[in-house]
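Input: a single structure, listed below in structure tokens.
Quick note: residue numbers are just sequence positions, from 1. All values below were derived from every heavy atom in this structure, side-chain atoms included, with hydrogens, water molecules and symmetry-related copies excluded. Please read all numbers here as calculations on a predicted model, not as lab measurements.
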Amino acid sequence: MPMIEKDLIAKLQELKRIEPQKDWVFLAKRQILADENLLSIAVGNSSFSFFNWLFLKPRPALISLVVLGLLISTFSFAQNSLPGDLSYPLKRITEKSQAIFVSDKEKSNFTLGITEKRLE
């Protein structure tokens with residue numbers, strides 16, 4: 001049995017000599033130091049930490065803003081579409097959703113405005 005212990009100790013000593021690759025060390029340090037306050041500490045500006053919070057770590061709020069921006073731009077692009085275009089149903093949906101917020105007194109003027117736009 002003493003031989004097994006000596007072999008084990010020798011292997012442990014051998015493992016102590018193993019060093020990590022420099023690329024891995026650099027990456028690990030960068031990930032550890034990527035704290036939320038890192039940029040605000042480096043720059044000395046507390047408002048800069050908001051930039052860090054928003055862009056350096058993926059956040060559901062940021063993803064939601066991007067999706068919302070894509071939806072808004074798609075619907076605004078659809079406002080120039082004509083019947084038969086792929087985005088024309090989006091234009092109709094937008095017009096119908098706008099009609100919901102128009103009062104009963106103004107509904108006829110709103111409908112007339114939409115009709116005039118379509119005639120143009």
Side-chain angles (χ1 to χ4, degrees):
M1 283 240 197
M3 193 59 146
I4 294 175
E5 288 179 13
K6 285 183 181 179
D7 290 337
L8 183 61
I9 291 172
K11 295 214 183 243
L12 286 174
Q13 293 297 331
E14 190 177 320
L15 285 175
K16 284 184 181 179
R17 285 187 237 129
I18 295 176
E19 292 185 16
Q21 294 178 352
K22 290 184 180 187
D23 294 339
W24 180 85
V25 172
F26 178 71
L27 179 64
K29 282 183 182 179
R30 201 166 103 198
Q31 287 177 345
I32 290 170
L33 295 177
D35 190 314
E36 287 186 20
N37 297 323
L38 178 65
L39 290 177
S40 64
I41 291 170
V43 175
N45 186 355
S46 62
S47 64
F48 205 65
S49 63
F50 175 74
F51 171 80
N52 186 14
W53 173 84
L54 190 61
F55 293 108
L56 292 184
K57 293 185 179 181
R59 303 281 185 193
L62 179 63
I63 294 169
S64 300
L65 285 174
V66 169
V67 169
L68 183 65
L70 289 173
L71 282 173
I72 289 172
S73 62
T74 301
F75 275 92
S76 63
F77 176 72
Q79 297 308 307
N80 297 325
S81 63
L82 299 173
D85 290 344
L86 186 61
S87 60
Y88 187 71
L90 294 176
K91 180 179 181 178
R92 302 271 325 261
I93 290 170
T94 305
E95 290 172 349
K96 288 180 182 179
S97 65
Q98 289 173 350
I100 293 171
F101 299 107
V102 176
S103 67
D104 291 336
K105 292 179 181 178
E106 297 292 323
K107 211 161 253 231
S108 60
N109 288 336
F110 180 76
T111 308
L112 182 64
I114 290 176
T115 307
E116 288 175 356
K117 279 185 190 177
R118 289 182 184 169
L119 286 175
E120 286 177 11

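- The NZ atom of K91 sits 9.5 Å away from the CD1 atom of I114 when rounded to the nearest 0.5 Å.
- Partners of Q98 by side-chain hydrogen bond (donor to acceptor under 3.5 Å, both in side chains), not counting sequence neighbours: none found.
- Open room surrounds NZ on K117; 12 or fewer heavy atoms of other groups in view lie less than 6.0 Å from it.
- Closest non-hydrogen pair, V102 versus K107, comes out as CG1-N, 3.6 Å.
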(request) Just do the side chain to side chain contact (heavy atoms under 4.5 Å, CB included) check on I18 and L15 with the steps written out, would you? (result) CA-CA 5 Å; I18 295 176; L15 285 175; 3.6 Å; yes
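- None of S81, P89, P83 except one satisfies the side-chain contact (heavy atoms from CB on, under 4.5 Å) rule with D85; the exception is S81.
- Interatomic distance, T111 OG1 to E95 CD, rounded to the nearest 0.5 Å: 10.0 Å.
- Annotation: L86, atom CG; neighbour count of heavy atoms from other residues, nucleotides and ligands within 6.0 Å does not exceed 12.
- A distance of 11.0 Å separates CD in E14 from CG in D7, rounded to the nearest 0.5 Å.
- Proximity of I93 to F75: side-chain heavy atoms (C-beta onward) are separated by under 4.5 Å at one or more points.
- Taken to the nearest 0.5 Å, the CD1 atom of I63 stands 13.5 Å off from the CG atom of L68.
- Remark: Y88 OH is packed, more than 12 non-hydrogen atoms of other residues, nucleotides or ligands lying under 6.0 Å away.
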